[in-house]
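None of these values were measured; they are calculated from a predicted model.
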Amino acid sequence: VIAKFVGTLAWWFILLFKVAEVGGSVMPFQQLQEADGSIEAQLPSHMQRIEFEKLQLSPSSNQYVEGTILAKYPTHEFGTGEKVFKMVLEESTTQQSVSNPETINTFIFGKLVNDCEHALKQGDRVVLTKFQVSTSPSARKDGRHVLQLELSEETGATVFVYAKSVKESAASSNVNSPINQRLKIGTQDYTYVPLNQIKDGVTVNVYGVVKFFKPPYRSKGTDFSSTVTIVDASNGRLNCVLFNGNADLLPKICKVGDVVRFHRIKIQEFNNELQAINAAGFSALTFDGTLGAPMKPRTNSKSYQFTANDQRTVEELRRWANATISIHKPTVKLSEVKPAEYFDLTCQLIAKAVVDRSAVLLKVWDGTKCPHTLRQVPVDMNTLEGDPADIHRLCKLTVDVLIYDNHVGAAHSLKVGTYLTIHNIHAKLATLNAEKPSTSLETVPEMEFHLHGGTSYGRGITVLPEECSDVQQLKQTLEPAISEDQDSLGDLTLLETLNTSRRPSAPERATATRVERCHQESATVLTAHQHIRTTSLRDVLDQTPPQKYRIRAKLANYEPKALHESVKLYCPKCHSLQEIPSDDHVDSFLQDAYTSGSAAAGPDPPTHDAPWYQTTTWEAEDQRRRQITVHFVKSDEAQSTPERSTILVEGVSLNELYRLSKRFAMLIPITSRTKCLTLNDLSIPFLIQDRKWHYGCKHCSHPQPVNALQPLSQTGPWDLSVIAKVLGVQLLRHVFVMRFTLDDGSGSLDAFLWDKVEQFFGISAADVVIDEALQDKLTRIMDTLCPPRTSDDDCPWLECCIKSYYVSDGSEQKTHYQIFDTVVAEAEDV
DNA sequence: TCTTAGGGTTCG
């Protein structure tokens with residue numbers, strides 16, 4: 001189609017422009033040059049033309065329209081200084097004669113106007129992308145398309161124009177210089193009117209705190225509707241009535257107290273009061289009203305301007321609202337519900353079932369136990385959608401909520417596991433009637449939960465985004481509630497259900513096999529939290545710490561690759577982490593010790609016996625005439641074999657240290673430089689026991705003279721921790737520290753493995769250092785988790801618990817992740 | 001320019 005067009009009329013395709021701002025920074029221009037192929041090749045990838053006639057209220061972002069400017073109206077300026085102009089586009093079509101070409105009203109807003117009001121002329125052929133579609137209020141009058149196009153900063157729109165060939169364009173005064181050179185990217189200065197200064201008849205931008213709202217619902221007309229009452233520090237108050245054919249373009253408010261920014265609302269009078277209604281080009285940002293919450297707005301806008309001023313405004317509104325007690329509603333948990341109360345319930349959906357045409361049953365929980373006798377809505381288990389394991393395990397904590405009439409559609413489309421707020425839910429005491437008489441006077445009336453029909457008091461259901469602060473708070477209540485509940489009957493009930501002779505329902509079978517499959521297919525398994533849903537790494541990366549997740553990912557890489565480097569020394573007191581001193585380091589330290597020792601000690605080294613040890617001295621077989629001294633600690637005769645005895649050694653080399661440590665149970669390297677026996681500097685092991693080298697923390701130890709050991713010589717076999725205590729040594733612990741790069745296809749992150757890693761691998765960090773068989777095992781495990789030289793397909797999945805946390809490096813906070821409550825599957829068989 | 005709704009408790 002386009003080729004024919006280009007061929008006959010010899011148009012050139014010149015880019016126009018794209019103006020979009022994300023978070024205040026200008027995106028680069030996207031410049032397209034002359035076309036000698038299809039238009040699609042010139043546009044961002046996968047763009048598809050949509051004919052006017054096929055336009056819908058929620059266009060997908062890869063659609064573009066193409067048309068000729070039939071009329072262009074003068075630019076109008078709002079009181080806010082923002083500009084807007086309207087044009088009428090006629091469908092470009094190749095058909096020879098079109099009796100009734102489609103025409104559509106198109107509005108250009110904001111800085112886009114500055115960019116193209118002079119560049120576009122009647123008769124120009126344009127391509128528009130990322131427009132917003134709304135119903136045309138003037139369709140009946142002007143006979144044009146029932147929908148209209150709106151292009152603004154917020155839609156991320158791009159306008160392209162065809163210009164005539166170079167020759168023609170040279171003759172034309174309009175297009176004699178390349179359009180892209182005339183572009184100026186300016187930021188739009190949005191002005192926001194305090195709510196007490198709002199006047200009738202103007203289109204304005206406002207900021208405010210939500211005092212009341214009705215979540216979007218389908219109106220009796222063509223659109224979705226949402227009512228939002230906002231207030232601000234000026235003591236103003238504004239009732240906004242918002243419509244849109246696409247519910248997603250209405251503000252995404254979760255709760256009273258949220259902060260909103262509306263662009264382009266029109267003020268009008270109704271019932272002697274001013275009210276706002278969304279004007280063309282309306283767009284909304286919604287911020288969590290929680291002090292200190294991230295400044296990431298909920299919005300459908302493709303891009304938006306958000307300056308330092310905006311940030312200040314949101315912060316101020318948050319502060320003001322949180323100090324103004326009348327704005328917020330008290331939150332009510334299930335444990336606090338009073339009979340006949342109406343409240344907003346923030347909860348997680350566990351299961352749902354269609355009851356009849358006018359009602360849907362939702363089984364929800366908020367982690368607290370409702371103290372009232374609850375009515376259980378009878379439903380066929382087979383019509384109940386949800387994980388049977390969860391339904392059974394949480395049955396004591398879930399409540400049945402009946403959702404009626406106009407809310408049924410919304411309830412029906414909810415996904416199990418979703419976090420919700422059910423607004424204005426009614427805790428109703430069941431009415432006893434003649435057909436269901438009370439059997440005794442003591443019968444306690446049951447409590448039932450209803451979401452009645454209608455939208456009064458903001459009745460409706462809001463799906464909460466994962467990152468909203470209410471969800472984060474809710475999750476913290478849910479998780480401990482599950483583990484408490486696990487100890488009770490929950491699991492037993494589940495087992496009984498799965499073990500009954502009755503054939504399990506399909507979802508039940510799926511759950512049972514899924515549990516098995518987890519263990520089979522995953523190279524690591526969880527030691528707890530199996531009930532938690534898996535979160536994608538992309539979602540993990542989107543959220544702010546601290547959080548805990550269950551994830552499923554592959555091990556793309558790990559550090560250190562030299563596995564012996566993964567073992568470090570950790571001080572449980574000062575929490576410092578250090579490398580294990582290398583053999584070279586210990587060797588040179590020992591050499592320094594005996595070289596300087598013999599020089600400084602003078603002619604009379606303390607080589608004599610003491611009441612608690614016997615001393616032997618001999619000369620080493622090297623050229624330096626080095627003197628080796630060994631003090632044998634006296635003990636019972638029964639323990640006097642070398643394998644059971646303790647020796648204090650001076651003047652030994654690394655080699656001798658190894659040889660002696662094989663023969664004696666315990667070996668303490670010492671020095672007699674100071675005339676009494678003392679420990680060496682703690683950069684070498686202070687004690688070797690069963691070939692295991694033990695180190696002390698330099699910061700936390702207060703070494704005592706070795707003579708302090710004398711009283712111990714009477715009490716039989718020596719214990720490592722006792723010796724350390726007597727000698728004033730704070731023991732360092734061997735620990736594994738590794739970094740796993742996890743990837744699940746949706747995202748990738750680095751997670752540290754350093755707490756309880758011995759459980760993770762089933763290997764002791766202290767032992768692996770001296771045991772080659774264990775080193776081989778560790779290598780085999782890592783080769784299983786992350787096979788060398790294989791494709792991604794051969795990498796096993798890892799089921800892991802990870803938690804996110806902030807680490808401050810002085811100037812900024814960084815997000816770190818740590819693996820916990822996870823072990824290698826069947827590590828004992830590796 | 002304008003249908004919807006224009007906050008204010010229910011059939012269950």
Rounding to an integer number of Å, can you tell me how far [X] [atom1] sits from [N] [atom2]?
X	N	atom1	atom2	value
A/Lys141	B/dT1	NZ	P	6 Å
A/Asn406	B/dA5	CG	P	11 Å
A/Leu451	B/dC11	CG	P	12 Å
A/Ile230	B/dG7	CD1	P	15 Å
A/Tyr404	B/dC11	OH	C1'	8 Å
A/His426	B/dC11	NE2	C1'	13 Å
A/Phe449	B/dT10	CZ	C1'	16 Å
A/Asp356	B/dC11	CG	P	14 Å

Looking at B/dT3, I'd like to know if its phosphate oxygens (OP1 or OP2) sit under 4.0 Å from a side-chain N or O belonging to A/Thr222.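 Checking B/dT3 against A/Thr222, no side-chain N or O comes under 4.0 Å of OP1 or OP2.
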N/O (side chain, A/Arg459) to phosphate O (OP1/OP2, B/dG7) under 4.0 Å: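 For A/Arg459, the contact criterion (side-chain N or O under 4.0 Å from OP1 or OP2 of B/dG7) is not met.
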Between the base of B/dG12 and the side chain of A/Arg357, is there a donor and acceptor pair under 3.5 angstrom?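 No, no donor-acceptor pair under 3.5 Å.
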In whole angstrom, give me the gap between the [atom1] atoms of [N] and [M].
N	M	atom1	value
B/dC11	B/dG7	C1'	23 Å
B/dT1	B/dA5	P	23 Å
B/dG6	B/dC2	C1'	13 Å

Ring pair (Phe, Tyr, Trp, His ring centres under 6.0 Å) contacts touching residues 323-347 of chain A (sequence neighbours left out):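 Passing the test, one end in residues 323-347 of chain A: A/Tyr342-A/His426.
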Mind checking side-chain contact (heavy atoms from CB on, under 4.5 Å) for A/Asn406 and listing every partner two or more places apart, or none if nothing turns up?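 With sequence neighbours excluded, A/Asn406 shows a side-chain contact (heavy atoms from CB on, under 4.5 Å) to A/Thr455, given in chain and number order.
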Close residues, [range], relative to DNA chain B [heavy-atom separation under 4.0 Å]:
range	answer
residues 239-260 of chain A	A/Asn239, A/Val241, A/Phe243
residues 199-221 of chain A	A/Phe212, A/Lys214, A/Tyr217, A/Ser219, A/Lys220, A/Gly221
residues 267-283 of chain A	A/Gln268, A/Phe270, A/Gln275

Partners of A/His450 by ring-ring contact (aromatic ring centres under 6.0 Å, His included), sequence neighbours excluded?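 By the ring-ring contact (aromatic ring centres under 6.0 Å, His included) rule, A/His450 matches A/Tyr404, A/His452.
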Of the options [options], whose atoms approach the side-chain atoms of [X] most closely?
X	options	result
A/Tyr342	B/dA5, B/dT9, B/dG8	B/dT9
A/Lys266	B/dT1, B/dG12, B/dT3	B/dT1
A/Asp223	B/dT4, B/dG7, B/dG12	B/dT4
A/Pro137	B/dC2, B/dT10, B/dA5	B/dC2
A/His452	B/dT10, B/dT9, B/dG6	B/dT10

Kindly say whether the aromatic ring centers of A/His263 and A/Tyr207 come within a distance under 6.0 Å.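 That pair fails the under 6.0 Å test.
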A/Tyr217/A/Phe224 aromatic ring centres below 6.0 Å: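 When the ring centroids of A/Tyr217 and A/Phe224 are compared, they turn out to be at least 6.0 Å apart.
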Would you indicate what [X] reaches in the nucleic acid, counting non-hydrogen atoms under 4.0 angstrom: base, sugar-phosphate, or nothing?
X	result
A/Ser358	base
A/Arg144	nothing
A/Gly453	base
A/Asp405	base
A/Thr229	base

Indicate yes or no for a side-chain donor-acceptor contact from A/His392 to the backbone of A/Pro388 under 3.5 Å, with no hydrogens or angles considered.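 Here the side-chain-to-backbone pair exists.
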Under 3.5 Å, which donor-acceptor pairs link side chains of residues 364-371 of chain A to any protein atom two or more places apart or in another chain?
residue  : atom : partner  : partner atom : Å
A/Trp365 : NE1  : A/Gln348 : OE1          : 3.1
A/Asp366 : OD1  : A/Thr368 : N            : 3.0
A/Asp366 : OD1  : A/Thr368 : OG1          : 2.8
A/Asp366 : OD2  : A/Leu334 : N            : 2.9
A/Thr368 : OG1  : A/Leu334 : N            : 3.3
A/Thr368 : OG1  : A/Ser335 : N            : 3.0

How would you list all residue pairs meeting salt bridge (charged side-chain N to carboxylate O under 4.0 Å, His left out) that involve residues 397-426 of chain A, not counting sequence neighbours?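 Those involving residues 397-426 of chain A are A/Lys363-A/Asp400.
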Among residues two or more places apart or on two chains, list those pairs meeting salt bridge (charged side-chain N to carboxylate O under 4.0 Å, His left out) that have a residue in residues 232-255 of chain A.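 For residues 232-255 of chain A: A/Asp248-A/Lys252, A/Lys255-A/Asp470.
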A/Ser138 to A/Asn105 - nearest heavy-atom pair and separation: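 Smallest interatomic distance, heavy atoms only, reads OG-ND2, 3.4 Å.
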[X]: which residues meet the side-chain hydrogen bond (donor to acceptor under 3.5 Å, both in side chains) condition with it, sequence neighbours left out?
X	result
A/Ser60	A/Asn62
A/Glu466	A/Lys475
A/Gln63	none

Taking syn as a glycosidic torsion within 90° of 0 and anything else as anti, which one is B/dG7?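 Anti conformation here, the glycosidic angle of B/dG7 being more than 90° from 0.
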Compute both the distance and the angle, then confirm whether A/Arg261 meets the cation-pi test with A/Phe287: under 6.0 Å from the six-membered ring centre, within 45 degrees of the axis.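 No, A/Arg261 does not sit over the ring of A/Phe287.
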